[in-house]
Amino acid sequence: MVVLLILLFLVLSIVTYVFFAPFYLEVNTESGLYRMRFHRLTSVSLKLIDNVPIAEIRLAGWKKQIDLSAMSSPQTPKEKKAFAGNKKTRNIPWKKIPGLFKGFQIRKCRVTIDTGDMQLNGMLYPLFYLIGFYGHRDISINFMNENTIILEIKSSLARMSWAY
């Protein structure tokens, strides 16, 4: 009986951890970081090493690198199955989509863009200023040929289910 209670408590604590632990989406073009991570437990990063895309997967101390260019080799075409039109799909109602976006929290946001065209930058400058001012984020156009994105988005299953 005690072993059953311990196992039940263990399963319940793992489910609670997965439900409330945050996950992050991080993009930093200055340092070349493109990562999605689940709290401190696991992460998936994309890196360019000698112009070869590499996916690095970390799971509780275990680390594996996968060469993505080797995975994109052309394969022989397979026979296509007939389309079954009677499948029911579950669509998210359009009214709930803004609620899902409220489940995400933007922790860092700095976007600096240069289109390379001085006139287009001049026309876009007021628009980006207003977006940055009303959105309370550092979003801007520059004229120095500098493109930078630093973005960190945080959410959890609990936040998304509450927003939904």
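Owing to the predicted nature of the structure, the values given are computational and were not obtained by experimental measurement.
- Y125 and L120 fall within the same hydrophobic cluster, defined by Ile, Leu, Val, Met, Phe, Trp and Tyr side-chain heavy atoms under 4.5 Å apart, directly or through other members.
- L68 places a side-chain heavy atom less than 4.5 Å from the side chain of L46.
- Side-chain atoms of T115 and N121 form a donor-acceptor pair, as typed in the model, at a separation below 3.5 Å.
- No side-chain heavy atom of F20 sits less than 4.5 Å from a side-chain heavy atom of S156.
- With contacts defined as side-chain heavy-atom distances shorter than 4.5 Å, the pair I6/V2 qualifies.
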ask   = Would L41 and Y17 satisfy side chain to side chain contact (heavy atoms under 4.5 Å, CB included), going step by step from the backbone distance to the final call?
value = CA-CA 11 Å; L41 187 64; Y17 171 75; 3.9 Å; yes
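- Side-chain atoms of S161 come within 3.5 Å of backbone atoms of L157 as a donor-acceptor pair (strictly under, hydrogens ignored).
- Separating the CG atom in L25 from the CE atom in M36 is a distance of 7.5 Å, to the nearest 0.5 Å.
- With values rounded to the nearest 0.5 angstrom, N51 atom CG is found 10.5 Å from S69 atom OG.
- Within the model, atoms NZ of K108 and CG of N28 stand 7.5 Å from one another, a figure rounded to the nearest 0.5 Å.
- Side-chain N or O atoms of N142 include one that pairs as donor or acceptor with a backbone N or O of E146 at under 3.5 Å.
- Side-chain atoms of R159 come within 3.5 Å of backbone atoms of G103 as a donor-acceptor pair (strictly under, hydrogens ignored).
- A heavy-atom distance below 4.5 Å is not found between the side chains of T42 and R58.
- Both I153 and F23 are part of a single hydrophobic cluster, where members link through side-chain heavy atoms under 4.5 Å apart.
- S13 has its side chain out of reach of T16: every pair of non-hydrogen atoms, C-beta onward, lies at least 4.5 Å apart.
- Within the 4.5 Å cutoff, side-chain heavy atoms of D67 are placed close to those of I54.
- Ring centers of H39 and Y24: at least 6.0 Å apart, outside the cut-off.
- Here the closest non-hydrogen pair linking G122 and F143 is N-CE2, 3.8 Å.
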request  = Any chance you could lay out the side chain to side chain contact (heavy atoms under 4.5 Å, CB included) test for E26 and R107, step after step, and finish with the verdict?
outcome  = CA-CA 10 Å; E26 300 167 312; R107 296 183 47 136; over 6 Å; no
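- Each salt bridge (Lys or Arg N to Asp or Glu O under 4.0 Å) pair with one or both residues in residues 116-132, not counting sequence neighbours, would appear here, but there are none.
- For the atom pair CZ of F128 and OG of S140, the computed distance is 8.5 Å after rounding to the nearest 0.5 Å.
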Check against salt bridge (Lys or Arg N to Asp or Glu O under 4.0 Å), E30 and R110 = CA-CA 11 Å; E30 287 180 343; R110 192 177 99 201; 2.7 Å; yes
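- T29 contributes a side-chain N or O that, together with a main-chain N or O of I149, makes up a donor-acceptor pair within less than 3.5 Å.
- Scanning both residues, D114 and N147, for their nearest heavy atoms gives N-OD1, 2.7 Å.
- Side-chain heavy atoms closer than 4.5 Å link hydrophobic residues (I, L, V, M, F, W, Y) into clusters, and following such links, even through other members, never connects L33 to V52.
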message = Please evaluate residues L7 and V11 with respect to the criterion side chain to side chain contact (heavy atoms under 4.5 Å, CB included), reporting the C-alpha separation (whole Å), side-chain torsions for both, the decisive distance (0.1 Å), and the verdict.
response = CA-CA 6 Å; L7 285 175; V11 168; 5.5 Å; no
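- A continuous path of Ile, Leu, Val, Met, Phe, Trp and Tyr side chains, each step under 4.5 Å between heavy atoms, connects I113 with M118, placing both in one hydrophobic cluster.
- Side-chain heavy atoms closer than 4.5 Å link hydrophobic residues (I, L, V, M, F, W, Y) into clusters, and following such links, even through other members, never connects Y129 to I141.
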ask   = Does the pair V111 and T148 meet the rule for a side chain to side chain contact (heavy atoms under 4.5 Å, CB included), with working shown?
value = CA-CA 6 Å; V111 178; T148 305; over 6 Å; no
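- Taken to the nearest 0.5 Å, the CD1 atom of I150 stands 8.0 Å off from the OG1 atom of T112.
- The CD atom of E56 lies 7.0 Å from the OG atom of S43; values are rounded to the nearest 0.5 Å.
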